[in-house]
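I have placed the structure first, in the form of C-alpha cells, so that the comments after it can refer back to it.
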Amino acid sequence: MSMECEVKDLALAEKGRNRVEWAAQSMPVLNAIRERFHGGKPLQGMRIAACLHVTTETARLVQTLKGGGAKVHLCASNPLSTQDDVAAFLAAEEAIPVFAIRGEDRGTYYRHIHQTLAIRPHVTMDDGADLVSTIHSDRRELLEEIIAGTEETTTGVIRLRSMAAEGVLSYPIVAVNDAKTKHLFDNRYGTGQSTVDGIIRATNRLLAGSSFVVSGYGWCGRGIAMRARGMGANVIVTEVDPLRALEAVMDGYQVMPMLQAAKIGDFFCTVTGDIRVIRREHFAVMKDGAILCNSGHFNVEIDLEALGAMAREKRQVRDNVEVYLMVDGRRLNVLGEGRLVNLAAAEGHPSSVMDMSFANQALSVAFLAKEGATLKKQVYGVPEAIDQEVAALKLAAMAIEIDELLPDQKKYLCSWDMGT
Ligand SMILES: NC(=O)c1ccc[n+]([C@@H]2O[C@H](COP(=O)([O-])OP(=O)(O)OC[C@H]3O[C@@H](n4cnc5c(N)ncnc54)[C@H](O)[C@@H]3O)[C@@H](O)[C@H]2O)c1
C-alpha cells in the first residue's frame with residue numbers, strides 16, 4: 001500500500017481494479033505504448049505531478065508512466081470528477097500517492113494540489129492549468145527543477161497561452177488538447193456521448209421531441225448537438241462566433257440568442273469555456289422544469305450565484321440534481337452543481353476515445369523527457385509525428401487498412417504544372 005495518500009476508502013480498491021481492467025480492454029494504443037515504455041524505460045528517474053480527472057482511463061495512463069520509469073503523484077482536476085474506487089486502487093495496489101476524494105471542498109482541492117506538488121516535479125500534467133497556476137503563484141521554488149508540462153483541455157490551453165502572451169509562463173508546455181487525435185475525437189465524440197449520458201443518468205428524462213439548447217458550437221458543442229439530435233431532440237445552438245454559428249445553421253440546427261432560446265428550451269447545456277453564459281435574464285424567462293447543465297471545464301458557465309439569489313429555496317431532488325424553486329413557482333433543475341456533467345453524473349469519456357488522448361499525453365511526456373530542456377517558455381503543439389503515430393496505431397488496432405499514395409500521386413500533390 002502507498003505510504004501517503006488521501007482517498008475516500010481504500011476498501012474500494014478491488015472495484016476500482018475491475019473497472020480499470022475493463023477500461024484497458026478498450027485502450028489498445030495506450031497498451032502498446034505501455035509495453036514499449038516497459039522495455040525502454042524512457043521516463044526513468046522522472047518525477048511527474050499529475051492533476052487529471054481521476055478516472056479509470058487516467059489510472060491506465062498513470063500505470064503507463066510508472067511502467068516507463070516515472071514516479072507519479074496524482075490529484076483531481078475537478079472536485080466532482082474523482083472516481084473513489086479508482087483512487088483507492090491506485091493508492092492501494094499501485095503505490096501511487098493519490099490525493100482525491102469526490103465531492104471535496106475548495107480548500108481540500110487546493111490542499112491536494114499542494115500534496116501532489118510535494119513530489120517536486122520535473123514534469124507537470126494538467127487538465128485545466130490549476131497545477132501550473134498554483135506553481136506560478138504560490139510555489140515558485142519548484143520552478144528550478146521543472147523541465148516542462150502538458151495540458152489536456154481547451155480551457156487550460158487558453159489560460160497557458162495567456163500566461164505566455166504576458167511573458168509570465170516559466171516553463172514550456174505541450175498542449176495535448178491541440179493534437180488532432182485529441183480534440184477531433186475526445187472533445188467531439190467523447191464529450192458528445194458522455195454529456196448526453198450524464199444528462200440521462202441524472203434525470204432519466206426523454207430527449208426525443210424535447211428542445212435541447214447547446215451553448216457553444218466548438219469541438220465539444222458539435223458532439224453534444226450531434227448526439228442530442230441522434231436521440232430525437234430538436235437542437236438549438238447559441239454562439240458568439242459568426243463562423244461557428246453559420247456552421248451550426250448549415251449542419252441543420254436552429255441558431256438564436258440565448259434570451260430567445262431560454263424561453264423554449266427543455267434542456268440547456270453550456271460548453272463554451274466562457275463565464276455567465278446562462279444568467280439572470282435567462283433564468284427569468286425559462287420554462288418550469290427546465291434542466292440546466294454544463295460540460296465546459298469550470299463551473300462558471302451557469303451563473304449559479306444569481307440563480308441562488310433569485311430562488312426562494314434550493315434542494316436536492318435526485319442524485320446530481322438540485323431544484324431551484326423560483327419565487328413565481330417555477331422549478332429550474334441544475335445537474336452536478338454546474339460542473340462538467342459528463343464526469344459528475346456519468347463516468348466521463350468512453351475509454352476508447354481517451355485511449356488516443358492519453359496516448360498523446362504519454363508520448364508527449366516521453367518527448368519532453370528527451371527534448372524538454374531545449375524548448376522555450378511557450379505553449380507548443382504536440383509534434384506532428386506523434387499525432388500521426390497515434391492515428392496509425394488506432395486504425396491498426398481497429399484492423400482498418402487505408403490506401404497509400406503512389407509515387408506519381410505524391411509528386412502530383414506537391415506540384416503546380418499539371419492542369420486540365
Ligand atoms: N466535459 C468534458 O469532458 C470536456 C472535454 C473537452 C473539453 N472540455 C471543455 O469544454 C469547453 C469547450 O471546449 P471546446 O474544445 O469545444 O472549445 P472551442 O473553443 O472549440 O469551442 C468553444 C465555443 O464556445 C463559443 N462561445 C464562447 N463564449 C460563448 C458564449 N458566451 N455564448 C455562446 N457561445 C460561446 C466560442 O465561440 C466557441 O465556438 C472548454 O472549457 C474545454 O476545456 C470539456
Salt bridge check, [Y] against [X]: does any charged N sit closer than 4.0 Å to a carboxylate O?
X    : Y    : result
D197 : R201 : yes
R139 : E141 : yes
E151 : R161 : no
D84  : K15  : no

Passes salt bridge (Lys or Arg N to Asp or Glu O under 4.0 Å), D251 versus R244? Steps please.
CA-CA 10 Å; D251 283 344; R244 294 266 168 101; over 6 Å; no
Please enumerate all residues that pass ring-ring contact (aromatic ring centres under 6.0 Å, His included) together with Y217, with sequence neighbours excluded.
Y253
Mind checking what makes ring-ring contact (aromatic ring centres under 6.0 Å, His included) contact with F185, not counting sequence neighbours?
none
Could you list the residues that satisfy side chain to side chain contact (heavy atoms under 4.5 Å, CB included) with [X], not counting sequence neighbours?
X    : value
D303 : R276, R279, F283, E305, A306
Q409 : L405, L406
A391 : T181

Backbone N or O of [Y] within a donor-acceptor pair of the [X] side chain at under 3.5 Å?
X    : Y    : answer
H122 : I147 : no
D355 : L30  : yes
N31  : M27  : yes

For R120, which residues count as a side chain to side chain donor-acceptor pair (under 3.5 Å) partner, sequence neighbours excluded?
E145
Pairwise distance CG(L184) to CZ(R222) - rounded to 0.5 angstrom:
9.0 Å
Is the Y171 to H136 ring centre distance short of 6.0 Å?
yes
Atom of I119, atom of R47 and distance for their closest heavy-atom approach
O-NE, 2.9 Å
